[in-house]
There are 2 protein chains.
Amino acid sequence: MLRPTVHDVARVANVSLSTVDRVLNGRDGVRAATRERVRAAMRELGYERDIMAANLSRKRVYKVHFTLPEGSNSFMRNLAEEVRAQAREAARDRTRISISTVPPFDGRALAADLRRLRDAAPEAVPDGVVVVATDAAEVRQAVSELRGAGIEVITLVSDLPASARSRFVGIDNVSAGRTAAGLLGRFCRGQKGRIAIVAGSMLLRDHVERRLGFEQVMHAEFAHLAPMPPIEGRDAADEVERRVSEALEARPDITGIYSLGGGNGGLQRALLRVSPTPRPMVVAHELTEQSRHALQDGVFDAVLHQDIGHEVRSALDILRALIDATPVEAGRGLIRTEIFLRDNLP
Amino acid sequence: MLRPTVHDVARVANVSLSTVDRVLNGRDGVRAATRERVRAAMRELGYERDIMAANLSRKRVYKVHFTLPEGSNSFMRNLAEEVRAQAREAARDRTRISISTVPPFDGRALAADLRRLRDAAPEAVPDGVVVVATDAAEVRQAVSELRGAGIEVITLVSDLPASARSRFVGIDNVSAGRTAAGLLGRFCRGQKGRIAIVAGSMLLRDHVERRLGFEQVMHAEFAHLAPMPPIEGRDAADEVERRVSEALEARPDITGIYSLGGGNGGLQRALLRVSPTPRPMVVAHELTEQSRHALQDGVFDAVLHQDIGHEVRSALDILRALIDATPVEAGRGLIRTEIFLRDNLP
DNA sequence: CTGAAAGCGCTAACAT
DNA sequence: ATGTTAGCGCTTTCAG
């Protein structure tokens with residue numbers, strides 16, 4: 001037996017197609033009694049609307065806008081590239097993607113960009129917005145206004161907690177930090193010594209979260225391995241190289257290193273230059289050309305990674321579902337942190 | 001400007017809709033010259049067919065059958081549960097799913113079930129079959145017959161190489177084995193001793209491949225840790241418990257264990273009962289209630305996991321594409337192997 | 001408030 | 001070998 005259609009509902013409820021449609025789409029102009037009759041018919045038949053057919057008829061085009069930080073680091077450049085790549089494919093799924101970039105770490109500029117979207121000409125106003133959020137009050141406010149205008153907002157990579165954003169898509173950074181500690185602690189089993197943490201800046205939210213998770217687990221499970229205060233390398237290879245070299249020379253008992261930010265090329269050079277023995281075990285973030293080589297050469301032991309393509313795709317899926325007011329699983333959007341060793345490089 | 005439609009193509013090529021349709025679907029009854037004219041028009045306009053509309057018009061229902069091993073272990077039970085869950089959702093995507101189960105490790109029974117599908121009443125013959133394959137000649141034969149009858153066949157979780165199956169959906173099991181070795185080798189750094197391998201059956205292709213990858217890396221990178229010949233527990237907790245207990249008692253120098261199959265409850269019990277010191281490091285497969293507890297209690301150190309939901313969804317996507325004769329990316333279907341520690345349990 | 005009718009992009013009889 | 005026409009399930013004018 002085939003799925004019931006609007007026709008069946010109309011017949012059973014003894015109304016016309018248009019009335020069923022009005023009820024289906026919550027439009028008014030239907031007497032309460034009639035509406036109830038239609039609802040009853042739907043329930044009785046187990047009616048479920050065919051979204052494909054609906055979209056076809058309505059000639060629906062999902063208008064989605066991405067607001068990204070200007071290409072400060074290679075991660076963000078990759079992200080922008082990925083969005084552009086998927087913009088092409090998305091056309092086949094009735095999705096039109098636009099992109100704008102704003103200066104990084106500038107809440108004001110970001111908020112202004114979001115407001116611009118809301119105030120655009122009606123046919124240019126997007127149905128949904130994806131934003132790599134800077135954590136600032138103005139941004140929270142702007143997001144709230146977008147939502148007020150019926151625009152769905154997804155935060156990507158970096159969340160905006162306590163805001164009106166519809167969803168967050170990215171990894172769980174606390175969990176990533178915990179994972180790093182679990183690996184590094186086991187890699188250094190039976191060793192005595194210290195663990196060095198290399199971060200970009202403790203002003204970056206995801207870095208803070210990773211460190212938090214890392215120290216939670218280190219403290220609870222591997223108390224003999226005392227993490228040192230973070231070395232802040234500002235995600236810049238040169239600075240990382242200099243500071244890590246100093247640290248390695250000053251403390252020959254460094255048995256493990258957790259690099260939770262960028263600048264991994266510098267870390268790698270520092271390790272090759274100082275070459276302490278036995279070599280420290282190293283866990284870093286994001287699979288790039290640099291970190292891939294470091295893994296292959298046995299300089300890094302593990303790399304934690306977030307799959308950007310997956311994140312963008314996921315953001316689009318969730319956005320379309322939100323726009324269609326289709327139920328979206330709660331946990332959807334939490335991307336797994338992938339773990340790469342030399343042995344499972346893709 | 002909107003996407004061009006069949007109407008546009010027809011107009012430009014100066015033919016009727018039906019002719020465009022014939023060319024589009026590779027039906028014959030079109031003169032070569034006409035066909036070329038239509039093709040040219042498509043290229044000129046950049047025409048791309050709207051699959052949703054096509055399916056709507058065609059009233060297509062994808063009939064898909066899953067043949068699964070009877071619930072011997074919790075992984076397979078979860079798999080069956082997941083398939084049932086998605087059977088409900090899939091209805092919305094014009095997909096009708098049926099399921100049958102067969103005794104595990106029984107190539108004959110599996111082959112019989114597959115033949116039954118092909119020989120069913122015409123309207124009950126599925127368009128595609130998804131099967132967790134037992135590696136046996138009869139099964140290869142049955143798969144070949146299904147394909148001969150125009151039925152697409154996808155192997156799930158465990159592949160059937162050198163067979164006529166259309167695709168494989170699952171993890172790269174060689175890579176998973178390598179990953180396990182990379183982890184276990186590092187976890188046992190500085191130790192001397194032996195590594196025990198616990199497998200279900202060397203008749204299962206995925207188990208063979210995992211072992212292969214594991215030994216590759218063990219040999220190349222951690223030669224001081226000699227892997228023992230596999231203990232075959234037939235994925236049954238009791239048998240695993242018995243055999244592992246014996247092994248632990250016979251060889252107190254077991255410093256690491258790689259459990260690449262099912263029956264992890266038994267492994268866990270054996271470890272608790274014999275409780276060798278220092279406790280061996282343990283890497284196992286599949287996150288289940290059992291292995292989750294083992295991780296939390298510090299009995300297991302890492303669990304390699306395949307996301308079943310993702311696999312089932314992926315299998316259905318690919319199957320629909322195959323049935324539609326839509327091109328399917330080659331790498332599609334290779335699911336990432338996830339790594340869980342106590343610290344990043346979902 | 002409610003309904004009839006004309007599509008959306010594609011396919012499938014049924015002509016010609 | 002090609003064209004005409006009537007839908008698929010839903011939405012959207014435009015009339016009652």
Side-chain angles (χ1 to χ4, degrees), chain A residues 1-39 41-42 45-62 91-96 127 323-326, chain B residues 1-39 41-42 45-62 91-96 320 323-326:
Chain A
M1 199 199 61
L2 254 59
R3 269 167 58 177
T5 76
V6 273
H7 288 93
D8 302 314
V9 176
R11 191 167 28 70
V12 170
N14 224 294
V15 294
S16 77
L17 286 185
S18 345
T19 300
V20 174
D21 186 67
R22 285 181 189 108
V23 174
L24 204 52
N25 293 292
R27 280 187 273 274
D28 48 310
V30 183
R31 230 179 2 201
T34 316
R35 185 185 356 263
E36 215 15 82
R37 206 143 38 87
V38 174
R39 289 247 168 77
M42 288 181 179
L45 293 171
Y47 172 79
E48 263 192 292
R49 145 224 250 132
D50 183 331
I51 292 252
M52 317 278 200
N55 283 344
L56 171 60
S57 167
R58 155 187 328 192
K59 294 205 283 184
R60 196 211 230 311
V61 173
Y62 301 90
R92 288 194 286 99
D93 297 337
R94 308 173 187 289
T95 305
R96 202 112 334 166
D127 304 300
I323 293 169
D324 288 338
T326 294
Chain B
M1 200 199 63
L2 256 58
R3 271 168 55 177
T5 76
V6 274
H7 288 95
D8 302 315
V9 176
R11 191 169 27 71
V12 170
N14 224 295
V15 295
S16 76
L17 286 185
S18 349
T19 301
V20 174
D21 186 67
R22 284 180 190 110
V23 173
L24 204 52
N25 293 292
R27 281 187 271 273
D28 48 310
V30 182
R31 228 181 2 201
T34 316
R35 186 186 354 265
E36 216 14 84
R37 206 143 36 88
V38 173
R39 289 247 168 78
M42 289 183 181
L45 293 171
Y47 173 80
E48 264 192 291
R49 146 222 249 131
D50 183 329
I51 296 249
M52 319 278 201
N55 282 343
L56 172 60
S57 166
R58 193 190 302 227
K59 292 206 286 180
R60 191 195 233 331
V61 174
Y62 301 90
R92 289 195 284 99
D93 297 337
R94 311 172 187 288
T95 306
R96 203 109 334 167
R320 279 188 287 253
I323 294 171
D324 288 339
T326 294

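All values below come from the heavy atoms of this structure, side chains included, with hydrogens, waters and symmetry mates left out. We name chains A, B, ... by the order of the sequence lines, and we start the count at 1 in each one. Everything numeric here is computed off the predicted structure, so don't read it as measured data.
Listed by chain and number, the residues in a salt bridge (charged side-chain N to carboxylate O under 4.0 Å, His left out) with A:Arg39 amount to none (sequence neighbours excluded). By the salt bridge (charged side-chain N to carboxylate O under 4.0 Å, His left out) test, A:Asp127 is found to be paired with no residue, residues two or more places apart in sequence or in another chain being considered. Looking at residues two or more places apart in sequence or on another chain, you find a side-chain hydrogen bond (donor to acceptor under 3.5 Å, both in side chains) between B:Arg94 and A:Asp50. In this structure B:Asp21 satisfies the side-chain hydrogen bond (donor to acceptor under 3.5 Å, both in side chains) test together with B:Asn25, B:Arg27, sequence neighbours excluded. Applying the side-chain hydrogen bond (donor to acceptor under 3.5 Å, both in side chains) rule to B:Asp324 yields the partners B:Arg60, B:Tyr62; only residues at least two apart in sequence or on another chain are considered. A search for side chain to side chain contact (heavy atoms under 4.5 Å, CB included) contacts involving A:Arg31 returns A:Thr34, not counting sequence neighbours. With sequence neighbours excluded, the residues that form a side chain to side chain contact (heavy atoms under 4.5 Å, CB included) with B:Leu24 are B:Val6, B:Met42, B:Tyr47, B:Arg49. For the side-chain hydrogen bond (donor to acceptor under 3.5 Å, both in side chains) test, no residue two or more places apart in sequence or in another chain qualifies with A:Glu48.
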Would B:Arg96 and B:Val61 count as a side-chain contact (heavy atoms from CB on, under 4.5 Å) here? Give the steps. CA-CA 7 Å; B:Arg96 203 109 334 167; B:Val61 174; 4.1 Å; yes
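Here the P atom of nucleotide D:dG9 and the CZ atom of A:Arg3 are 9 Å apart, to the nearest Å. Between the CD atom of B:Glu36 and the C1' atom of D:dA1 there is a distance of 17 Å, rounded to whole Å. Between the NZ atom of B:Lys59 and the P atom of D:dG9 there is a distance of 6 Å, rounded to whole Å. Rounded to an integer number of Å, the gap from CG of A:Asp8 to C1' of D:dC10 is 13 Å. When rounded to the nearest whole Å, the span between CZ of A:Arg60 and P of C:dG9 equals 15 Å. Summarising the geometry, the separation between CG on A:Leu56 and C1' on C:dA6 is reported as 14 Å, rounded to the nearest angstrom. Rounded to whole Å, the distance from CG on A:Leu24 to P on D:dG9 is 14 Å. Here C:dC8 presents its P atom at 17 Å from CG of A:Asp21, a figure rounded to the nearest Å.
A donor-acceptor pair is defined here as one N or O able to donate and one able to accept, closer than 3.5 Å; such a pair exists between the side chain of B:Arg37 and the backbone of B:Ala13.
Side-chain proximity of A:Thr5 to C:dC8, D:dT12, D:dG9: nearest is D:dG9.
For the OP1/OP2 pair of D:dC10 and a distance below 4.0 Å, the side-chain nitrogens and oxygens of A:Arg58 include no atom meeting the criterion. In this model, the phosphate group of C:dC8 is not approached by any side-chain N or O of A:Arg94 to a distance below 4.0 Å at OP1 or OP2.
Of all heavy-atom pairs between B:Val30 and B:Arg22, the closest is CG2-CB, 3.6 Å.
For residues 45-54 of chain A, proximity to DNA chain D is found at A:Tyr47, A:Arg49, A:Asp50, A:Ala53, A:Ala54, defined as any non-hydrogen atom under 4.0 angstrom from a strand atom.
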Polar-atom pairs under 3.5 Å, protein N or O versus N or O of nucleotides 2-4 of chain D: list them with distances, or write none.
unit_1	atom_1	unit_2	atom_2	d
D:dT2	OP1	B:Arg31	NH2	3.0
D:dT2	OP1	B:Thr34	OG1	2.8
D:dT2	OP2	B:Arg31	N	2.8
D:dT2	OP2	B:Thr34	OG1	3.3
D:dT2	O4	B:Arg22	NH2	3.3
D:dG3	OP2	B:Ser16	N	2.6
D:dG3	OP2	B:Ser16	OG	3.3
D:dG3	OP2	B:Thr19	OG1	3.2
D:dG3	N7	B:Ser18	OG	3.0
D:dG3	O6	B:Arg22	NH2	2.7
D:dT4	O4	B:Ser18	OG	2.5

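Rounded to 10 degrees, the angle separating the terminal axes of the helix from C:dC1-D:dG16 to C:dT16-D:dA1 is 40°, with each axis obtained from five end pairs.
A:Asn25 comes within contact range of the sugar-phosphate backbone alone, with a heavy-atom separation under 4.0 Å but no base atom that close.
Between the CZ atom of B:Arg11 and the OG atom of B:Ser16 there is a distance of 14.0 Å, given to the nearest 0.5 Å.
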